[in-house]
Amino acid sequence: MARVRILLTGAAGFIGTATWRELVADGHDVVAVDLLLPEAHAATTRDDPPAGVHVLDVREAGGWADLLQGCDAVVHLAAMVGAGATAADLPLYAGHNDLGTAALLAAMHAEGVGRFVQASSMVVYGEGRYSCPQHGPQAPGPRTREALDGGEFDNPCPVCGGPLDWDLVPEDAPFDARSSYAVSKVAQEGYAAAWARQAPGAAISLRYHNVYGPGMPRDTPYSGVAAMFRSSLERDEPPTVYEDGRQMRDFVHVADVARANLAAVRGVLEAPVASHRAYNVCSGTPIAIADVARHVAAGSGRDLEPRVTGQYRIGDVRHVVASPERAREELGFTASVTPEEGLGAFATAPLRA
């Protein structure tokens with residue numbers, strides 16, 4: 001790919017920093033933008049930003065013109081992340097994620113920049129894909145508080161009430177957003193698709209699964225569970241695991257996510273206009289949450305078995321793991337770090353405050 005100029009939002013963040021390095025290593029010019037939200041940048045202030053970072057709120061449509069000059073594409077990672085600590089967070093997600101994406105796309109249209117890659121999430125799926133041995137594919141509804149209180153964590157078949165088997169989720173699975181963050185990511189994908197048709201332009205949405213690795217924020221309501229497990233171990237406490245610990249997820253290393261972002265830039269530059277395509281970004285190796293805790297514990301050298309509590313969060317889903325096939329076939333992306341080796345190394349990797 002020839003040298004191109006890329007505007008990168010969220011450039012000072014966890015995934016943004018790794019992506020910035022990957023883009024520069026591939027020979028590209030990067031215009032780095034970040035608002036330095038306190039939720040993700042407690043140790044960095046807007047008055048003292050990292051070198052090369054333009055401090056800008058993505059919602060400020062009037063601030064984009066100079067930064068977008070000469071850009072060939074935009075990689076949009078800026079967002080409020082996490083499930084949403086409380087209902088009071090709803091306006092933050094709607095503002096930063098929904099309005100911010102819409103304002104950026106409008107500015108791109110005004111400046112004639114027609115290639116867009118953005119961070120979406122596996123949370124758009126809600127529950128993963130399930131099938132009943134007797135009745136085939138099924139779409140279970142949200143788990144009830146009564147069932148969860150009784151320790152019934154698995155989704156029953158809506159037809160017979162029997163157990164359901166989980167399967168890999170493809171990108172054409174229907175949306176079923178179950179948190180404020182998930183709703184905002186569905187909206188972001190919708191804005192990208194509408195912009196691609198109307199501008200016209202080409203857009204790619206990358207549905208990240210559980211991202212972890214060096215530079216991850218420490219224990220906050222918006223951190224990933226791997227960071228929380230590590231924080232417990234550093235206090236010589238066993239990691240706390242909700243439900244029965246058997247819920248299945250996909251954990252993908254941040255270095256692989258950065259590589260996927262680069263692959264998406266290459267893909268979107270060659271994509272036809274008026275197109276929007278979504279891709280799962282995952283390791284392709286599903287893992288139970290309790291085993292995530294065990295791998296982090298093993299990497300830390302602490303012999304602490306996770307404490308399985310039976311507690312739950314009402315918005316959580318039971319299983320959601322993705323199919324990596326579309327990204328492999330169309331973007332040429334395959335993750336290189338397995339959860340076992342990556343989570344073990346993560347136990348002693350540097351984190352951000």
For side-chain contact (heavy atoms from CB on, under 4.5 Å), just list the numbers for Thr101 and Val58, CA-CA rounded to whole Å, side-chain angles, deciding distance to a tenth of an Å, and then say yes or no. CA-CA 7 Å; Thr101 300; Val58 292; over 6 Å; no
* So, is the end of the Arg352 side chain (NZ or CZ) under 6.0 Å from the ring centre of Phe14 and within 45° of the ring's axis? -> no
Q. Mind checking whether Val33 and Val265 sit in one hydrophobic cluster, side chains of I, L, V, M, F, W, Y counted as touching below 4.5 Å?
A. no
When every non-hydrogen atom of Arg115 is compared with those of Val273, the smallest separation belongs to NH2-CG1, 3.8 Å
With a sphere of 6.0 Å drawn around CD of Gln138, does it hold more than 12 non-hydrogen atoms of other residues, nucleotides or ligands?
yes
Subject >> hydrophobic_cluster_shared for Leu105 and Leu206, side chain cutoff 4.5 Å >> reply: no
Next item on the list: Run the numbers on Glu22 and Asn261 for side-chain contact (heavy atoms from CB on, under 4.5 Å), then give the verdict.
Entry: CA-CA 9 Å; Glu22 189 75 17; Asn261 290 341; over 6 Å; no
**Asked** Are any non-hydrogen side-chain atoms of Met108 and Phe116 less than 4.5 angstrom apart?
**Response** yes
- Query: Are Phe251 and His209 close enough that their ring centers fall under 6.0 Å?
  - Reply: no
CD (Glu330) and CD1 (Ile204) are apart, to the nearest 0.5 Å, by 9.0 Å
| task | Flag the pair Glu234 and Arg230 as a salt bridge only when some basic side-chain nitrogen lies within less than 4.0 angstrom of an acidic carboxylate oxygen. | result | yes
Are the side chains of Leu7 and Leu68 in contact, using a 4.5 Å heavy-atom criterion? yes
Within the supplied structure, the quantity of interest is the number of heavy atoms (other residues, nucleotides, ligands) at a distance under 6.0 Å from Asp172 CG; does it exceed 12? yes
**Q.** Asp303 CG: over 12 foreign heavy atoms closer than 6.0 Å
**A.** no
The single option from Arg207, Lys185, Glu189, Gln188 that satisfies side-chain hydrogen bond (donor to acceptor under 3.5 Å, both in side chains) with Ser120 is Glu189
Min side-chain heavy-atom separation Leu77-Thr19 under 4.5 Å: yes
Practice item. Begin from the C-alpha positions of Glu127 and Arg318 and carry the test salt bridge (Lys or Arg N to Asp or Glu O under 4.0 Å) through to its verdict. Key: CA-CA 7 Å; Glu127 285 285 357; Arg318 179 58 172 168; over 6 Å; no
Checklist line | Verdict with supporting geometry, Tyr125 and Asn280, side chain to side chain donor-acceptor pair (under 3.5 Å) | finding: CA-CA 11 Å; Tyr125 298 125; Asn280 290 323; 2.7 Å; yes
task: Would you please test Val241 and Thr309 for side-chain contact (heavy atoms from CB on, under 4.5 Å) and show each step?
output: CA-CA 6 Å; Val241 175; Thr309 66; over 6 Å; no
Check the pair Arg143 / Tyr312 against side chain to side chain donor-acceptor pair (under 3.5 Å), numbers first and verdict last.
-> CA-CA 11 Å; Arg143 295 178 294 173; Tyr312 63 86; over 6 Å; no
Before you tell me yes or no, could you show the steps for His319 and Asp154 under side-chain contact (heavy atoms from CB on, under 4.5 Å), namely the whole-Å CA-CA distance, both residues' side-chain angles and the distance that decides it to 0.1 Å?
CA-CA 9 Å; His319 305 299; Asp154 283 313; 3.6 Å; yes
- Can you establish whether the number of heavy atoms outside Arg59 located under 6.0 Å from its atom CZ is more than 12? yes
Classify the ring geometry between Phe346 and Tyr212 as parallel (under 30°), tilted (30 to 60°) or perpendicular (over 60°). perpendicular
Test item: Val74 and Trp64 side chains (from C-beta on) under 4.5 Å apart, heavy atoms:
no
Check your understanding: Can you list the steps and then say if Glu237 with Ser232 is a side chain to side chain donor-acceptor pair (under 3.5 Å)?
Key -> CA-CA 5 Å; Glu237 299 172 359; Ser232 296; 4.7 Å; no
Legend entry - Trace of the side chain to side chain donor-acceptor pair (under 3.5 Å) decision for Tyr279 with Glu171: CA-CA 6 Å; Tyr279 297 92; Glu171 287 85 350; over 6 Å; no
### Message
Please determine whether the number of non-hydrogen atoms from other residues, nucleotides or ligands lying under 6.0 Å from atom NE2 of His54 exceeds 12.
### Response
yes
